[in-house]
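Below you'll find the structure, written out as C-alpha cells, and then a few comments.
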Amino acid sequence: MAKLILNRLSKSFETGGRPAVDDVSLTVREGGFLALLGPSGCGKTTVLRMIAGFEQPTDGSILLGERVLADADDMVPPEHRNMAMVFQSYALWPHMSVAENVGYPLKVRGVSGDKRQRKVKEALAAVRLEDYAGRRPADLSGGQRQRVALARCLVTEPDVVLLDEPLANLDRHLRQEMEETFREFHARSGATMIYVTHDQAEAMALATDVAVMSEGRLLQVGTPEEIYARPQGRLVGGLVGQGAILSLPLPAGDMRVLDWPAVQALLASRETSRPAADILVRPQDVELTPEGVAAAVLSVLFEGERYVLRLALPDGQALRAFSRRPVKVGDTVSVVIHSAWRL
Ligand code: ADP
Ligand code: MG
C-alpha cells in the first residue's frame, strides 16, 4: 500500500465544452478516508473512474506510491490496480447467496476451499452480516445489501476502495446507520478510501479529509473541521454548514476573523467606494440580544431542538440564527454577530 497521488489531473470528453476535470492535484495518504464533495456534474465520478482505470486522463497522472497508474499515454488496466469500486446500485447476483456473492471475486481469482471460506467469513464479520451468509439478496434490506457489496469489495483486500454516492438511494435513518458501517469498515480494513458525495453533512461525518470540487476544479482540501472553520472562497463557504454570506466593505488584506465591534463598524459604514468582501456568518455565532442591530424575521423553521431563523439586516442582507424561544415571522429582533470569517 502507498499513498494515492493525483498530479494535475485533467479530463476532457470529446463532446467539448469545459473539461469535466480540470487540473486537480491531490494526495490521499495511505489508509486515509477522503470525501470528494461537490454539486452534481462537478466531475466527482470522472475523477473516481480515472482512479479506477475506467477513463484515461487527458492530462496529468495518477500514482500509487512510486507506481504510475495512468497518464495521457499509458494506463494500468483496472484489474491490475488492486482497487475496488462500490456503486450506488449494489450489483449483487440475485441467484447467489450472500456468501457466494461475497466469495465471487475470490472464485474468479482462483482462490478456493478453506481459504475462500475463511476470507468470506472475515469480510461478512467486518460488516456484521455473519448470520446472513445463506440468504439471497432479495431477502435483505437495502442497508444489508449495501453491506454485502462492501464485504464483497473487502475480500479482495484492495489497496484503495472507491465509493460513488453509495448511500444516495437509502432513506435518512438508514444512511446514518450506514455512515457508522463505513467508518467501522474503514477502521477495520485499513484501506485507503475515497468517498464521492454531494452531501456536505455526509462528507463531514464520514471522512478524515474533505476535498471540495466545483466545475471540474478542486477548491479546497482539509479536515472537516478546517473546511468548516476556514473555508476558502464563496463556493466552499456556501456549500458547508448553514452559514450566510454578507457583502461588507472590508479593506483588502485585512483580518480574516472579525469580532462584533469589527462587524458592527462595517455594518454602520457608509463606505461605498471600497469593493465589498464576502463575510461568512455561522448561525451559532449570531446571538439574539438587546445590545445588537435590528433584524427582521423573514422565516422560522422548527427543528425540534431549536428554531432556525432567517433574518434581514437593515440593509436587506440575509442572516441565519438559532433561537431556543419561538419567534414570529415579521417580528423585529436584535442581534449581535460574535464572530465572522472573511472568505
Ligand atoms: P459528478 O459525478 O460530480 O456528478 P461527472 O463526473 O459525472 O460529475 O460529470 C462531470 C461532467 O462531465 C458533466 O458535465 C458530465 O456531463 C460530463 N461527462 C461525464 N461523463 C461523460 C462522458 N462519458 N461523455 C461526455 N461527457 C461526460
Ligand atoms: Mg457522479
Side-chain angles (χ1 to χ4, degrees), residues 4-28 33-62 69-73 75-78 81 83-91 142 145-146 149-150 153 158 160-172 175 178-179 182 192-207 209-222 224 227 231-240:
L4 179 73
I5 302 162
L6 311 185
N7 181 31
R8 309 207 61 176
L9 195 63
S10 294
K11 176 74 187 180
S12 297
F13 289 103
E14 270 123 44
T15 43
R18 64 166 174 78
V21 175
D22 193 358
D23 203 8
V24 167
S25 293
L26 182 65
T27 299
V28 190
F33 190 165
L34 178 95
L36 202 52
L37 171 69
S40 178
C42 75
K44 305 181 295 295
T45 296
T46 306
V47 169
L48 221 56
R49 287 175 57 79
M50 284 194 280
I51 296 171
F54 302 133
E55 299 282 359
Q56 183 156 17
T58 319
D59 236 315
S61 55
I62 303 170
L69 295 181
D71 58 26
D73 303 316
M75 285 249 281
V76 174
R81 293 190 184 202
M83 295 183 178
M85 192 149 168
V86 179
F87 299 93
Q88 206 184 89
S89 58
Y90 322 116
R145 279 181 219 162
Q146 182 64 261
L150 270 181
C153 99
V160 181
V161 178
L162 306 168
L163 302 128
D164 196 355
E165 313 224 16
L167 301 185
N169 284 340
L170 305 182
D171 64 43
R172 190 197 289 208
R175 290 167 72 126
M178 283 307 296
E179 282 174 14
F182 281 120
T192 304
M193 287 176 49
I194 304 181
Y195 188 104
V196 160
T197 180
H198 65 271
D199 182 328
Q200 60 99 8
E202 196 172 289
M204 313 277 275
L206 277 173
D209 297 277
V210 179
V212 186
M213 281 185 73
S214 171
E215 301 192 330
R217 290 180 162 271
L218 188 65
L219 300 179
Q220 191 175 355
V221 189
I227 299 277
Q232 310 290 324
R234 224 187 140 82
L235 280 165
V236 184
L239 198 65
V240 172

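On a predicted model such as this, the values are computed, not experimentally measured, just so you know. In each ligand, atom 1 is the first atom listed, and ligand 1 is the first ligand listed.
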Inset, instruction - Confirm or rule out an N/O/S atom of Thr45, from backbone or side chain, lying less than 2.8 Å from the Mg ion (ligand 2). - result: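 Here the distance criterion (N, O or S atom, under 2.8 Å) is met by Thr45, so yes.
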Inset, instruction - Would you verify that at least one protein heavy atom lies under 4.0 Å from atom 15 (C) of ligand 1, or report that none does? - result: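 For atom 15 (C) of ligand 1 the answer is no, since every protein heavy atom stays at 4.0 Å or beyond.
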Inset, instruction - List the steps, then state whether side-chain contact (heavy atoms from CB on, under 4.5 Å) holds for Asp209 with Val28. - result: CA-CA 9 Å; Asp209 297 277; Val28 190; over 6 Å; no
Enter the distance from [X]:[atom1] to [Y]:[atom2] here, rounded to the nearest 0.5 Å.
| X | Y | atom1 | atom2 | result |
| --- | --- | --- | --- | --- |
| Asp199 | Glu165 | CG | CD | 8.5 Å |
| Thr192 | Met83 | OG1 | CE | 9.0 Å |
| Thr46 | Asp22 | OG1 | CG | 12.0 Å |

Inset, instruction - Would you please test Ile62 and Val76 for side-chain contact (heavy atoms from CB on, under 4.5 Å) and show each step? - result: CA-CA 10 Å; Ile62 303 170; Val76 174; over 6 Å; no
Legend entry - Validation row: Val161, Cys153 side chains within 4.5 angstrom (heavy atoms): yes
Heavy atom of the protein closest to [atom] (residue, atom name, distance):
| atom | result |
| --- | --- |
| atom 4 (O) of ligand 1 | Gly41 N, 2.6 Å |
| atom 9 (O) of ligand 1 | Thr46 OG1, 3.8 Å |
| atom 8 (O) of ligand 1 | Gly43 N, 3.2 Å |
| atom 23 (N) of ligand 1 | Phe13 CE2, 3.5 Å |

N or O contact, [X] vs ligand 1, cut-off under 3.5 Å:
| X | answer |
| --- | --- |
| Ala20 | no |
| Arg18 | no |
| Thr45 | yes |

Inset, instruction - Show the numbers, then the answer: is there a side-chain contact (heavy atoms from CB on, under 4.5 Å) between Val86 and Gln146? - result: CA-CA 9 Å; Val86 179; Gln146 182 64 261; 3.5 Å; yes
Inset, instruction - Using a strict cut-off of 4.0 Å, indicate which atoms of ligand 1 neighbour a heavy atom of Thr15. - result: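 In order of numbering, the contacting atoms are 25 (C), 26 (N).
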